Amino acid sequence: MREIYPSHYAAFHCIAGACPDSCCKEWEIVVDTASAERYRSVSGTLGERLRQAMITDADGDIVFQEHNSRCPFWNAQQLCDIHGELGEDALCETCRLFPRITQDYGDFIEFDISPACPEAARLLFSMTPKQWQLTERSSPAITEEPPEYAAANMRRLQEQRQALFFRLQDDSASACAQLSACLTLAEQWAGVSQEPAAVPYMEEAVLSFLRSCEVLTSDWKQMLEQAANAPEPEDLLAYTPALDQEIRLFTMDMLYRYYLRAAYAETPEAEILPLQMAAFAVCVVLLYSRRLEYSRRLEFHTAEQRQRIWQLFVKEIEYDGNNLEELEWQLETNAAFSPAAFRAYFASLGGVQ
């Protein structure tokens, strides 16, 4: 079995109480069956707390009942009582694995760390685009399952993804220009093309979608409200080398996580969707940065502050099933978020091109 890892994967370790946005709050923590059975047999005060905390939600999953949007086992020192008393091996799968992502394609597995975690996002954005590489190793201990896709189709998608990586690592043009070129390439490969159409103003369309979403965190709610209420900036956002690098790295990471899933899809448009998702995220970051910096209510002109927007986008949109499903639907059906619309928006930004 082949295992594939991005360059920053091995560097990750949980920073626990030092985390600026702990995964122990504002999330629903699903407890797997094996962990639930173990927790029911734990003795003492912790065992009583575990049994009281486990409930069944509307979807039939066993979850920890939150208290003030916090896991009941996240203590005042911002550490986990389960980890502290029973050890790391006693954590449920959700807590033990996050933010690690595993995508099993049958004859190979791809691993990643989600930028929904602040430390994972920091590691991602600490690289240069050319440092973002994939490494492969063999793991004979894992039993291979027959792939559920055509091998030739998967090889084609892998080659195309690599070509997109190379394009995004090419700094002869700006990141947004390269992202626009990637959208065009994906349309050509998929045999899909769209004529440019009159579409609503991109930023208003983005804000309208975000206002319709479920909100997990107070920070995201504050950003959204302030961006929506801020006056239209007179000047374009200062397009810095740091911002250019972030766009490239985020898009490459999203392509790594999503592009090969098109092997299971029934329509060619599935090959374009990951690039549309990345383009939408770029629009959100540019919009928030422009409006919040201009209004001076929040200043997101530094890389560290801007990374908070990238991280919360993944947490709020990708990790909320309803929000992600609605975004995918909008990208597939709404002309405001077509590849042509994203290219037109990026072209309108002047210096970004």
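Since the structure is predicted, the reported quantities are computational estimates derived from the model, not experimental observations. Below, all heavy atoms of this structure are taken into account, side chains as well, without hydrogens, waters or symmetry copies.
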Under the ring pair (Phe, Tyr, Trp, His ring centres under 6.0 Å) test, residues paired with Y319 that sit two or more places apart: W27, F98
Is any side-chain N of the basic residue among E187 and R343 closer than 4.0 Å to the acidic one's carboxylate O? yes
Show your working on side chain to side chain contact (heavy atoms under 4.5 Å, CB included) between E328 and Q276 and close with a plain yes or no. CA-CA 9 Å; E328 290 175 340; Q276 289 176 271; over 6 Å; no
State, yes or no, whether a side-chain contact exists between C213 and D320 at a heavy-atom distance under 4.5 Å. no
Would you say the side-chain atoms of R2 pair up with the backbone N or O of F108, donor to acceptor, closer than 3.5 Å? no
Check whether any side-chain N or O of T184 sits under 3.5 Å from a backbone N or O of S180 as a donor-acceptor pair, and report yes or no. yes
Quick one: do the D219 and T217 side chains pair a donor with an acceptor below 3.5 Å? no
Could you check whether any side-chain heavy atom of W74 comes within less than 4.5 Å of a side-chain heavy atom of S22, counting everything from C-beta outward? yes
Could you check whether R306 pairs with E246 (Lys NZ or Arg NE/NH1/NH2 to Asp/Glu carboxylate O, under 4.0 Å)? yes
Can you check whether C23 reaches P99 side chain to side chain, under 4.5 Å on heavy atoms? no
Residue pair Y149 / D107, side-chain donor-acceptor N/O under 3.5 Å: yes
Tell me, do T240 and D244 make a side-chain contact under 4.5 Å, heavy atoms counted? no
Measure the spacing between OG1 of T128 and CG of D171 and express it to the nearest 0.5 Å. 10.0 Å
Output yes when R161 and E110 qualify as a salt bridge under the 4.0 Å nitrogen-oxygen rule, no when they do not. yes
Heavy-atom closest pair (A270 atom, P274 atom, distance to 0.1 Å) is O-CD, 3.2 Å
To the nearest 0.5 angstrom, please state how far the CG atom of L275 sits from the CG atom of L255. 4.5 Å
Answer with yes or no whether the hydrophobic clustering places M254 together with L157; edges join I, L, V, M, F, W, Y residues whose side-chain heavy atoms lie under 4.5 Å apart. yes
When you check the gap from the basic side-chain N to the acidic O, do E271 and R156 get nearer than 4.0 Å? yes
Would you give the length of the straight line joining atom CG of L331 to atom CG of N334, rounded to the nearest 0.5 angstrom? 8.5 Å
Consider only side-chain N and O atoms of Q330 and E326, and report whether a donor and an acceptor are under 3.5 Å apart. yes
Taking the ring centre of each residue, are Y288 and W220 less than 6.0 Å apart? yes
Give the C-alpha distance, both sets of side-chain angles, the deciding distance and a yes or no for side chain to side chain contact (heavy atoms under 4.5 Å, CB included) between V30 and F64. CA-CA 7 Å; V30 177; F64 285 141; over 6 Å; no
Closer than 3.5 angstrom, by distance alone: can the side chain of D59 be matched with the main-chain N or O of D61 as a donor-acceptor pair? no
Please say yes or no: joined through hydrophobic side-chain contacts below 4.5 Å, possibly via intermediate residues, are Y264 and I101 part of one cluster? yes
T251 side chain to R248 backbone, donor-acceptor under 3.5 Å: no
Just verifying a value: how many Å separate N322 CG and L327 CG, rounded to the nearest 0.5 Å? 12.5 Å
Nearest non-hydrogen partners of C80 and L91, listed with the distance: SG-CD2, 3.9 Å
A quick test of your reading: do over 12 heavy atoms of other residues, nucleotides or ligands sit less than 6.0 Å from CD of Q133? yes
Around E204, counting heavy atoms of other residues, nucleotides and ligands shown, do more than 12 lie under 6.0 Å from its CD? yes
Determine whether L260 and Q103 make a side-chain contact, defined as any pair of heavy atoms from C-beta on separated by less than 4.5 Å. no
Do you know which of W132, F165, F111 makes ring pair (Phe, Tyr, Trp, His ring centres under 6.0 Å) with Y256? W132
Mark yes or no for whether N68, through its side chain, and R70, through its backbone, hold a donor-acceptor pair below 3.5 Å. no
Please assess D112 against H8 for the test side chain to side chain contact (heavy atoms under 4.5 Å, CB included), listing each intermediate value before the final yes or no. CA-CA 9 Å; D112 197 12; H8 62 304; 3.9 Å; yes
For L249, does its backbone N or O pair with a side-chain atom of D253 as donor and acceptor, under 3.5 Å? no
Taking the basic N atoms (NZ, or NE/NH1/NH2) and the acidic carboxylate oxygens, is any pair closer than 4.0 Å for R49 and D81? yes
Gap separating the SG atom of C71 from the CD atom of E26, nearest 0.5 angstrom: 13.0 Å
Taking all atoms of both residues into account, what is the closest heavy-atom pair of A228 and L207, and its distance? CA-CD1, 4.1 Å
Please round to the nearest 0.5 Å and tell me the distance separating atom CD of E332 and atom CG of L273. 5.5 Å
May I ask you to test the T135-Y9 pair for a side-chain heavy-atom distance under 4.5 Å? no
Do you see a donor-acceptor pair shorter than 3.5 Å between the side chains of D21 and Q311? yes
Are any of the side-chain heavy atoms of S289 and I309 separated by less than 4.5 Å? yes
Are V206 and F342 co-members of a hydrophobic cluster defined by side-chain heavy atoms under 4.5 Å apart? yes
Salt bridge R257-E318, side-chain N to carboxylate O under 4.0 Å: yes
Is it the case that one hydrophobic cluster holds both L97 and I4, taking links as side-chain heavy atoms less than 4.5 Å apart, direct or via other members? no
With sequence neighbours left out, write down each residue that passes salt bridge (Lys or Arg N to Asp or Glu O under 4.0 Å) with R167, or none if nothing qualifies. none
Using atom types as modelled and distance alone, determine if a side-chain donor or acceptor of R51 lies under 3.5 Å from a backbone N or O of V42. yes
Flag, side chain of Q245 to backbone of A242, donor-acceptor distance under 3.5 Å: no
Test item: side-chain donor near acceptor, Y259 and Q160, under 3.5 Å: yes
same_hphob_cluster(I15, F12) at 4.5 Å side-chain heavy-atom cutoff: no
Would you check if there is a donor-acceptor pair between the side chains of N323 and E214 at a distance under 3.5 Å? no
On a heavy-atom basis, which atom in I29 and which in C92 lie closest, and how many Å separate them? CG2-SG, 4.0 Å
Is there a donor-acceptor pair under 3.5 Å between the side chain of S348 and the backbone N or O of Y345? yes
Locate the shortest heavy-atom distance separating A341 from A336; write the atom from each residue and the value. CB-O, 3.3 Å
Hits for ring pair (Phe, Tyr, Trp, His ring centres under 6.0 Å) against F280, two or more places apart or cross-chain, chain-then-number order -> F209, F337
Pairing donors with acceptors under 3.5 angstrom, does anything connect the side chains of Y5 and E136? no
Work out which heavy atom in E93 is nearest to a heavy atom in S35; give both atom names and the distance. N-OG, 4.1 Å
Does a salt bridge link R122 with E119, judged by any charged N lying under 4.0 Å from a carboxylate O? yes
Hey, does V63 have a side-chain heavy atom less than 4.5 Å from the side chain of V31? no
Step by step, would you call L164 with W189 a side chain to side chain contact (heavy atoms under 4.5 Å, CB included)? CA-CA 12 Å; L164 296 173; W189 291 333; 3.8 Å; yes
